[in-house]
Participant: 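Before I ask anything, let me first share the structure, which is written out below as structure tokens.
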Amino acid sequence: MWALGPLAGWDRAEARLKTSARIVIAGAGAAGIALANRLSRALEGASITIVDARERHLYQPGLTLVANGYWSSEKVIDRNERFLPSTVRWVKAAVAEFDPDANRIVTEQGEAIPYDFLCVATGLKVDYASVEGMEAGLIGRNGIACVYDNPEHAGRSWEAIRAFAEKGGKAIFTRPPGGIKCAGAPLKMAMLVEDRLRREGARDRAHFHYAVAGKGLFSQPEINEFLKKHFPERGIDIHWEHRLVAIDPARKIASFATPAGRVEMDYDLIHVVPKMRAPDALANSPLAWQSGEFADDGRWLEVDRHTLRHPRYPNVFGAGDCVGTPIGKTAATVKAHVPVVVKNLLAAIADREGEGRFNGYTSYPLLIGRGRAILVEFDYELKMVPSFSFISPYEIHWLPWVMKEKLLHGAYEAVLRGRA
Amino acid sequence: MNMSLSSLFAILFENLRPFFWPLAVLLLLELAVLIRLWMGPRPLPLRRGLALALPIGALAAIAVFALAPAITQADFGALSGWLDWGFLMMMALGAGVLVMFLAWPWAVWWRLARA
Ligand SMILES: Cc1cc2nc3c(=O)[nH]c(=O)nc-3n(C[C@H](O)[C@H](O)[C@H](O)COP(=O)(O)OP(=O)(O)OC[C@H]3O[C@@H](n4cnc5c(N)ncnc54)[C@H](O)[C@@H]3O)c2cc1C
């Protein structure tokens with residue numbers, strides 16, 4: 001009964017496309033699972049295979065709440081199995097090699113899987129090695145926090161933050177250069193921790209610093225301007241063009257590359273956000289951008305930014321964090337990506353030109369403090385594109401926080417099931 | 001980006017999914033009372049039942065109003081402007097009306113039993 005979902009497809013009674021195409025989806029995260037669900041409903045006779053070694057499903061947008069003590073880790077952990085349609089074959093292995101010239105992928109176990117169409121949805125890699133002295137095992141120790149990657153890191157970050165809130169001292173929040181998933185997360189971390197200390201009457205005991213690799217805090221100009229005023233008002237000092245390059249956990253010293261040379265700062269709490277890149281198998285494949293900003297930044301998947309189709313390998317599509325586009329590494333983007341990819345993939349199967357166009361949609365509630373947030377939604381032109389006209393994207397409200405805390409997890413699962 | 005009606009339904013559905021069994025039990029009980037009233041003696045004390053269901057609904061509305069910020073790990077200080085207060089009031093009103101309608105058949109039944 002549940003498989004039918006709510007009024008299953010009641011407003012889209014499109015006929016299923018008959019095909020014997022072999023479709024492989026690399027990655028069973030938000031984008032991969034959503035693609036699997038939508039494609040399996042849209043196609044009849046296709047052989048759909050999803051390839052991912054990870055069995056647990058992580059609701060990553062909840063990690064910010066875990067790292068700030070609002071949610072327990074268990075709340076963001078689920079099983080992929082619960083969301084995958086029974087008609088999709090799941091190969092529980094990582095892709096070791098993308099071989100688009102031979103239309104196949106090879107798993108780490110050496111199994112070659114041929115395809116007619118490939119969807120790349122491998123997410124990204126948090127590159128701890130990009131910060132000298134940093135490794136994932138340090139998170140939660142010596143005042144090191146990092147909300148990224150998984151609930152264990154977020155949970156250990158919360159321990160480090162709690163210890164800092166008790167003693168106070170100097171907190172540094174970092175933002176690396178280039179594309180990162182949920183570019184709002186480093187900002188949210190700084191604001192939520194600052195808010196906690198204020199609430200606990202410990203704000204006077206702490207100094208807050210935000211070290212950003214570039215010259216802006218946020219890609220959307222109005223929000224950038226707002227934050228440039230808001231941070232100093234809250235006593236958060238901004239350090240422009242400070243890229244975290246090394247950390248000495250024993251001495252609690254962080255080193256930054258700046259235009260004036262290397263600068264060292266001591267800390268009691270540091271939120272380390274390492275550089276992010278495409279996973280190795282993708283980065284080292286011909287599918288990655290071979291030159292230009294998206295090659296230099298993270299060797300992201302090359303796609304046309306609107307059709308999400310590979311320009312050199314037209315039977316390859318991309319969705320989610322792994323794609324090399326100017327903005328958009330959020331779950332909300334996945335919601336917008338997946339229908340575009342499905343539309344264009346169905347058209348490709350039918351030998352037609354696809355009409356799906358992605359407009360750059362990027363969104364999240366920017367958490368300002370406990371109970372308060374701004375619902376930020378913008379597109380490639382960095383224009384605000386609010387889903388709800390009555391919620392101003394420039395005002396701080398409780399309602400976007402309610403969405404984050406209570407409603408977006410359900411919305412995310414609706415996306416996974418290909419229903420939203 | 002605009003949200004389609006089917007997307008909104010799907011999101012609502014996924015948010016209710018974890019409460020499926022309690023909701024199903026509640027609806028079945030509600031149905032059982034309705035069937036019993038349907039098959040029972042007439043006239044039904046609908047007005048007297050409503051007189052009881054109304055304050056129950058009002059209590060539910062007050063409870064939602066008072067507790068919603070805390071349930072979302074916030075406090076009243078986080079609410080700002082007509083958007084937040086309007087949303088809270090709409091939620092409280094909605095919950096109150098829903099509880100009133102759910103309580104009404106039970107209240108009628110209770111009145112009948114005590115008649
Ligand atoms: C702290 C934090 C806060 C966030 N907050 C928000 C928010 O508020 N709103 C929002 O919209 N988004 C938010 N996001 C972003 C959102 O979670 C991601 O954008 C989204 O999960 C991306 O989905 P994806 O499928 O591309 O990647 P993922 O969900 O990461 O999935 C990628 C999958 O690919 C698999 N994979 C990797 N390499 C291989 C390989 N070689 N072979 C096979 N499989 C592979 C992985 O195992 C994984 O299962 C947040 C993220 C974080 C970390």
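If you're wondering where the values come from, they're calculated on a predicted model, not measured in any experiment. Values reported hereafter were calculated over all heavy atoms of this structure, with side chains retained and with hydrogens, waters and symmetry mates removed.
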Participant: Is A/Ile368 close to A/Asp195 at the side-chain level, that is, under 4.5 Å between some pair of heavy atoms?
Facilitator: no

Participant: In terms of heavy-atom proximity below 4.5 Å to chain A, should B/Trp82 be classed as side chain, backbone, both, or neither?
Facilitator: side chain

Participant: Calculate, to the nearest 0.5 Å, the distance between atoms OH and CG belonging to A/Tyr364 and A/Leu375 respectively.
Facilitator: 11.5 Å

Participant: State whether A/Lys343 and A/Glu355 are salt-bridged, where the test is any N-O pair (Lys NZ or Arg NE/NH1/NH2 against Asp/Glu carboxylate O) under 4.0 Å.
Facilitator: no

Participant: Would you check if B/Trp85 and A/Trp398 make a side-chain contact, meaning some heavy-atom pair closer than 4.5 Å?
Facilitator: no

Participant: Does A/Tyr394 reach the side chain of A/Met384, with side-chain heavy atoms less than 4.5 Å apart?
Facilitator: yes

Participant: Answer yes or no on whether A/Lys404 is positioned over the face of A/Trp401, meaning its NZ or CZ is under 6.0 Å from the six-membered ring centre and within 45° of the axis.
Facilitator: no

Participant: Classify the ring geometry between A/His230 and A/Phe226 as parallel (under 30°), tilted (30 to 60°) or perpendicular (over 60°).
Facilitator: parallel

Participant: By a 4.5 Å heavy-atom criterion (distance strictly below it), what part of B/Leu12 contacts chain A: side chain, backbone, both, or neither?
Facilitator: neither

Participant: Of all the heavy-atom pairs spanning A/Ala332 and A/Tyr361, show the shortest one and how long it is.
Facilitator: O-CD2, 3.6 Å

Participant: Mind checking whether A/Tyr380 and A/Thr362 have side chains closer than 4.5 Å, heavy atoms only?
Facilitator: no

Participant: Looking only at heavy atoms, which of residues 74-81 of chain B get nearer than 4.5 Å to chain A?
Facilitator: B/Ala74, B/Asp75, B/Ala78, B/Leu79, B/Ser80

Participant: Within the supplied structure, the quantity of interest is the number of heavy atoms (other residues, nucleotides, ligands) at a distance under 6.0 Å from B/Arg36 CZ; does it exceed 12?
Facilitator: no

Participant: Do the non-hydrogen side-chain atoms of A/Leu58 and A/Asp78 ever get within less than 4.5 Å of each other?
Facilitator: no

Participant: May I ask you to say whether A/Glu395 pairs ionically with A/Arg372, meaning some side-chain N is under 4.0 Å from a carboxylate O?
Facilitator: no

Participant: Is any NZ, NE, NH1 or NH2 atom of the basic residue among B/Glu14 and A/Arg417 found under 4.0 Å from an Asp or Glu carboxylate oxygen of the other?
Facilitator: yes

Participant: What orientation do A/His57 and A/Tyr412 show, parallel under 30°, tilted 30 to 60°, or perpendicular over 60°?
Facilitator: tilted

Participant: Residue by residue, scan residues 26-34 of chain B and write down, ordered by number, those that have a heavy-atom distance under 4.5 Å to chain A; if none do, write 'none'.
Facilitator: none

Participant: Using non-hydrogen atoms and a limit below 4.5 Å, what part of residues 88-107 of chain B faces chain A?
Facilitator: B/Leu88, B/Met91

Participant: Looking at B/Phe13, I'd like to know if the NZ or CZ of A/Arg419 sits under 6.0 Å from its six-membered ring centre while staying within 45 degrees of the ring's axis.
Facilitator: no

Participant: Within 45 degrees of the ring normal and closer than 6.0 Å to the centroid, is that where the cationic atom of A/Arg196 sits relative to A/Tyr70?
Facilitator: yes

Participant: Looking at side-chain heavy atoms only, is the closest gap between B/Leu44 and B/Arg111 below 4.5 Å?
Facilitator: no

Participant: Counting C-beta onward and ignoring hydrogens, is there a side-chain heavy-atom pair between A/Arg56 and A/Arg79 closer than 4.5 Å?
Facilitator: no

Participant: Chain B heavy atoms under 4.5 Å from A/Ile396: which part of the residue, side chain, backbone, both or neither?
Facilitator: backbone

Participant: Mind checking which of residues 53-69 of chain B sit less than 4.5 Å from chain A, heavy atom to heavy atom?
Facilitator: B/Ala68, B/Pro69

